[in-house]
**Q** 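After the C-alpha cells below, expect a handful of questions from me.
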Number of protein chains: 2
Amino acid sequence: MNMQTKNVNTHLTEIKDYFKVAISVDCVIFGFDNDELKVLLIESDLKEYRGKWSLLGDIVRPDEDLENAAYRVLLERTGLENVYMQQVHAFGALNRHPAGRVVSVAYYSLVNVEHIELKLLNNDLHWHPVKDILQKDMAFDHKDILNTCLERLRQQIIEQPVGFNLLPRKFTLRDLQNLYEAILDVKLDRRNFRKKFFAMDVLIDLNEEEEEVRHRPAKLYGFNAERYSQQKKKSLGF
Amino acid sequence: MNMQTKNVNTHLTEIKDYFKVAISVDCVIFGFDNDELKVLLIESDLKEYRGKWSLLGDIVRPDEDLENAAYRVLLERTGLENVYMQQVHAFGALNRHPAGRVVSVAYYSLVNVEHIELKLLNNDLHWHPVKDILQKDMAFDHKDILNTCLERLRQQIIEQPVGFNLLPRKFTLRDLQNLYEAILDVKLDRRNFRKKFFAMDVLIDLNEEEEEVRHRPAKLYGFNAERYSQQKKKSLGF
DNA sequence: CCAAAAGTGTTGCCTGTACACCCATGT
DNA sequence: ACATGGGTGTACAGGCAACACTTTTGG
C-alpha cells in the first residue's frame with residue numbers, strides 16, 4: 001500500500017466517523033407550583049441509569065431543525081404548544097451518552113403547571129422541586145444541563161419579565177413575588193417589588209380579587225404581553 | 001489537490017451516500033485594530049458561495065469535544081492558544097449547509113491582532129471590519145452567526161471587562177475607551193469612563209507613557225487578571 | 001506659541017433600599 | 001375581636017450622567 005492510498009483510506013474512514021454522531025435536544029421544562037420552582041423529569045429507560053431522573057429529550061430528526069425538535073418533544077410530552085422556550089447551550093462531551101456520540105442542544109422552557117396536570121396521568125412524567133433534584137444523581141450529564149439552564153433562567157428573569165410564563169393567567173402580586181423569591185433564592189421587599197412592577201407597566205389590573213382566603217383578598221392581575229415586548233430592554237436589576 | 005489538504009466541505013459532497021448528520025464548530029474571531037472591531041474570515045471554497053466570506057470552522061472529530069474542536073480551529077488558523085472563547089449558540093436550520101445536514105455550534109473569541117499578524121501572510125485569512133462585512137453577503141448562515149456573536153459580545157463587555165483580550169498587553173485608557181465605543185457603537189464620557197475603570201480596580205499602572213505622539217503622552221496600563229476574576233459579578237452598566 | 005489629546009472633580013438626578021402602619025376578610 | 005396577609009409612602013444613600021479647565025508634549 002503506498003502512502004497516498006493509505007492516506008486516502010484513512011481519511012475516508014475518519015470522514016465516515018464524522019457522521020456517526022447524533023444530535024439531540026434536551027428540554028428543561030420549568031414550572032412553578034406550591035411556591036417552588038419545579039422541573040419536569042422522566043425516569044431514565046437506559047439500564048446504565050436505572051432509577052435516575054432524566055430530562056425530556058429526543059434525537060433530532062433529519063427533517064426538522066433544532067427548535068422544531070424541541071417543540072416536538074414538548075408537545076409530545078405535555079400537549080403544550082406556544083410555550084416560552086429558549087436555547088441555552090450545546091453539550092458535546094465525548095462520553096456523555098453511553099450509546100455513542102450524541103451532541104445535545106439544551107432548551108429551557110417555562111410552562112404553567114395547571115395546563116399540564118391532566119395529561120400527566122397517562123404518563124411517567126413527574127414534577128420535581130429543583131432544589132431537591134439538584135441534591136440527587138441524574139442520568140447522563142443532565143445535572144449539568146439543569147444547572148446551566150437554571151443559571152440562565154435566573155439571569156433572564158432579572159433582565160426581562162419572563163416569569164409570567166410560569167404563572168396562571170390571573171395572579172396576585174404575592175404570587176409573582178414568591179416566584180421571584182423561589183427562583184432567585186432571595187427575600188425581596190414587598191413594597192419595592194410592587195413599585196418595580198407597576199413602574200414596568202406590564203401588569204393589567206383585572207378588577208378582580210382572590211376569594212376564599214381568610215385575610216384581605218389580593219387583587220388579581222394579568223400580564224400585558226404587548227407592553228412587555230416594548231420593554232424588553234429594561235433591566236429589573238435586583 | 002491531494003486528500004490531505006482538501007477541505008472538509010469537499011468531503012461532504014463526496015461521501016454523501018453515508019451522510020446523516022455532522023457537527024461542526026464555527027469560530028467568530030474578533031480583533032480590534034485601527035479603532036475598529038474586526039472579524040477574521042476566509043473566502044469560501046464552496047462553489048455555491050464563490051467569492052463570499054466565511055467564518056473559520058470545521059467538522060468536530062469523533063475524538064474531540066466541542067470546545068476542543070473550536071480551540072483546534074483557532075490554533076490551526078491563528079497559531080494562538082489560551083484565547084478567550086465562549087460558546088454562543090447552536091445553529092441547526094435544515095438547509096444551512098448545501099452538502100447536507102450540518103449542525104454548527106458557534107463560538108466567539110477575542111484575540112489581540114498583533115499576535116496574529118505574522119501568520120496571516122501564509123494564509124488566506126483576512127481581517128474585516130465588522131461594520132463592513134455586515135453590509136455584504138456571507139457564506140452559509142454565517143451572517144446570522146456573526147450577528148448573534150456580536151450581540152453576545154456587546155452584552156458581555158458591559159457585564160464583564162472581557163475587552164482586555166482584544167488589546168495589547170500595554171494600552172492607554174483612550175485605547176480602552178475606543179474599544180468600548182467601537183463595539184457598542186456609542187460615545188462615552190471620558191471622565192466617567194475613567195472613573196468606572198479605576199473604581200473597578202482591574203487596571204495596573206505601568207508607570208510608562210506613550211511615545212512619539214504630538215500631544216501630551218498618555219499613561220500605559222495593564223490588566224489585572226486576578227482582580228478581574230474576583231469582580232466578574234459586578235456590572236458595568238453603560 | 002499653537003495644536004492636540006491627557007488628565008482631573010463637582011453637582012444634580014435618578015434609582016434602589018430600608019422601613020411601619022392601616023385595611024379587608026374569614027373565623 | 002383577632003389573626004392573617006394586602007396595600008401604601010417617605011427618606012436616605014449610592015451610582016450615573018453632565019459638564020470645563022489646566023497640563024504636557026511635538027511641531
Side-chain angles (χ1 to χ4, degrees), chain A residues 34-35 154-155 157-161 167-168 170-182 184-222 231 233-238, chain B residues 34-35 154 157-161 167-168 170-182 184-222 231-238:
Chain A
N34 196 21
D35 291 348
R154 285 179 172 153
Q155 185 191 321
I157 67 163
I158 64 180
E159 286 171 4
Q160 297 168 19
L167 291 176
K170 302 176 179 185
F171 53 87
T172 67
L173 273 166
R174 166 61 54 181
D175 293 334
L176 189 57
Q177 186 174 341
N178 284 343
L179 176 77
Y180 273 80
E181 292 185 340
L184 298 174
D185 197 25
V186 290
K187 275 283 163 209
L188 298 171
D189 180 89
R190 202 160 90 251
R191 281 176 284 196
N192 296 334
F193 185 83
R194 294 168 156 266
K195 235 182 303 175
K196 187 162 303 207
F197 272 89
F198 287 134
M200 241 186 300
D201 200 29
V202 290
L203 294 175
I204 303 168
D205 185 340
L206 299 175
N207 292 310
E208 292 179 66
E209 293 184 342
E210 287 181 299
E211 284 170 14
E212 319 237 332
V213 287
R214 48 177 270 191
H215 56 76
R216 177 172 174 179
K219 296 176 84 173
L220 292 174
Y221 292 89
Q231 313 236 349
K233 285 161 196 163
K234 292 196 186 173
S235 158
L236 287 94
F238 286 106
Chain B
N34 197 21
D35 291 347
R154 284 180 172 151
I157 68 163
I158 64 179
E159 286 171 4
Q160 298 168 20
L167 291 175
K170 301 175 179 187
F171 53 88
T172 68
L173 272 166
R174 165 61 55 182
D175 294 332
L176 190 57
Q177 187 174 340
N178 285 341
L179 175 78
Y180 273 79
E181 293 184 341
L184 298 175
D185 197 26
V186 291
K187 276 283 163 207
L188 299 171
D189 179 89
R190 204 160 87 251
R191 280 176 285 193
N192 294 336
F193 185 84
R194 294 168 158 264
K195 234 181 302 176
K196 187 162 302 209
F197 271 90
F198 287 135
M200 241 187 299
D201 200 28
V202 290
L203 295 174
I204 303 167
D205 185 341
L206 300 174
N207 292 311
E208 292 178 68
E209 293 183 342
E210 287 182 298
E211 282 170 18
E212 318 238 332
V213 287
R214 49 177 272 193
H215 56 76
R216 176 172 175 177
K219 296 177 85 172
L220 293 173
Y221 292 89
Q231 314 235 347
K232 266 189 176 173
K233 284 162 199 164
K234 292 196 186 174
S235 159
L236 288 93
F238 286 107

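The chains referred to below are lettered A, B, ... by the order of the sequence lines, with proteins before strands, and numbering in each begins at 1.
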**Q** What distance do B:Lys187 atom NZ and B:Phe193 atom CZ have between them, rounded to the nearest 0.5 Å?
**A** 11.5 Å
**Q** Can you measure B:Asp205 atom CG to C:dA6 atom C1' for me and round it to whole angstrom units?
**A** 14 Å
**Q** Would you mind reading off the distance between B:Glu210 atom CD and C:dG7 atom C1', rounded to a whole angstrom?
**A** 13 Å
**Q** Under 4.0 angstrom, heavy atoms only, what part of the nucleic acid is A:Arg194 near: base, sugar-phosphate, or nothing?
**A** base
**Q** Starting at atom CG of B:Leu176, determine the distance to atom P of C:dG7, rounded to an integer number of angstrom.
**A** 12 Å
**Q** Could you measure the distance from the CG atom of A:Leu176 to the CG atom of A:Leu167? Nearest 0.5 Å is fine.
**A** 6.0 Å
**Q** Which atom names give the shortest non-hydrogen contact between B:Leu173 and B:Arg194, and what distance separates them?
**A** CD1-NH1, 3.6 Å
**Q** Scan the side chains in residues 203-215 of chain A for donor-acceptor partners under 3.5 Å anywhere in the protein, sequence neighbours excluded, and list what turns up.
**A**
| unit_1 | atom_1 | unit_2 | atom_2 | d |
| --- | --- | --- | --- | --- |
| A:Asp205 | OD1 | A:Asn207 | N | 2.8 |
| A:Asp205 | OD2 | A:Lys219 | NZ | 2.8 |
| A:Glu208 | OE1 | A:Lys170 | NZ | 2.9 |
| A:Glu208 | OE2 | A:Lys170 | NZ | 3.0 |
| A:Glu210 | OE1 | A:Ala218 | N | 2.8 |

**Q** Does the protein touch nucleotides 19-27 of chain C at the base, only the backbone, or not at all? Give it as B, S and - per nucleotide, heavy atoms under 4.0 Å.
**A** BB--BBBS-
**Q** With rounding to the nearest 0.5 Å, note down the distance linking CD in A:Gln160 to CD in A:Gln155.
**A** 10.0 Å
**Q** Separation of B:Glu208 atom CD from C:dA6 atom P, in whole Å?
**A** 17 Å
**Q** Distance check needed: C:dA6 P versus B:Phe193 CZ, whole Å only.
**A** 12 Å
**Q** Applying the ring-ring contact (aromatic ring centres under 6.0 Å, His included) test to B:Phe197, which of B:Tyr180, B:Tyr221, B:Phe171 qualifies?
**A** B:Tyr180
**Q** Find the distance B:Lys219:NZ to C:dG7:C1' and express it as a whole number of Å.
**A** 10 Å
**Q** Expressed as a whole number of angstroms, how long is the span from A:Gln177:CD to C:dT17:C1'?
**A** 14 Å
**Q** Atom CZ of B:Phe171 and atom C1' of C:dA6: how far apart are they, to the nearest Å?
**A** 16 Å
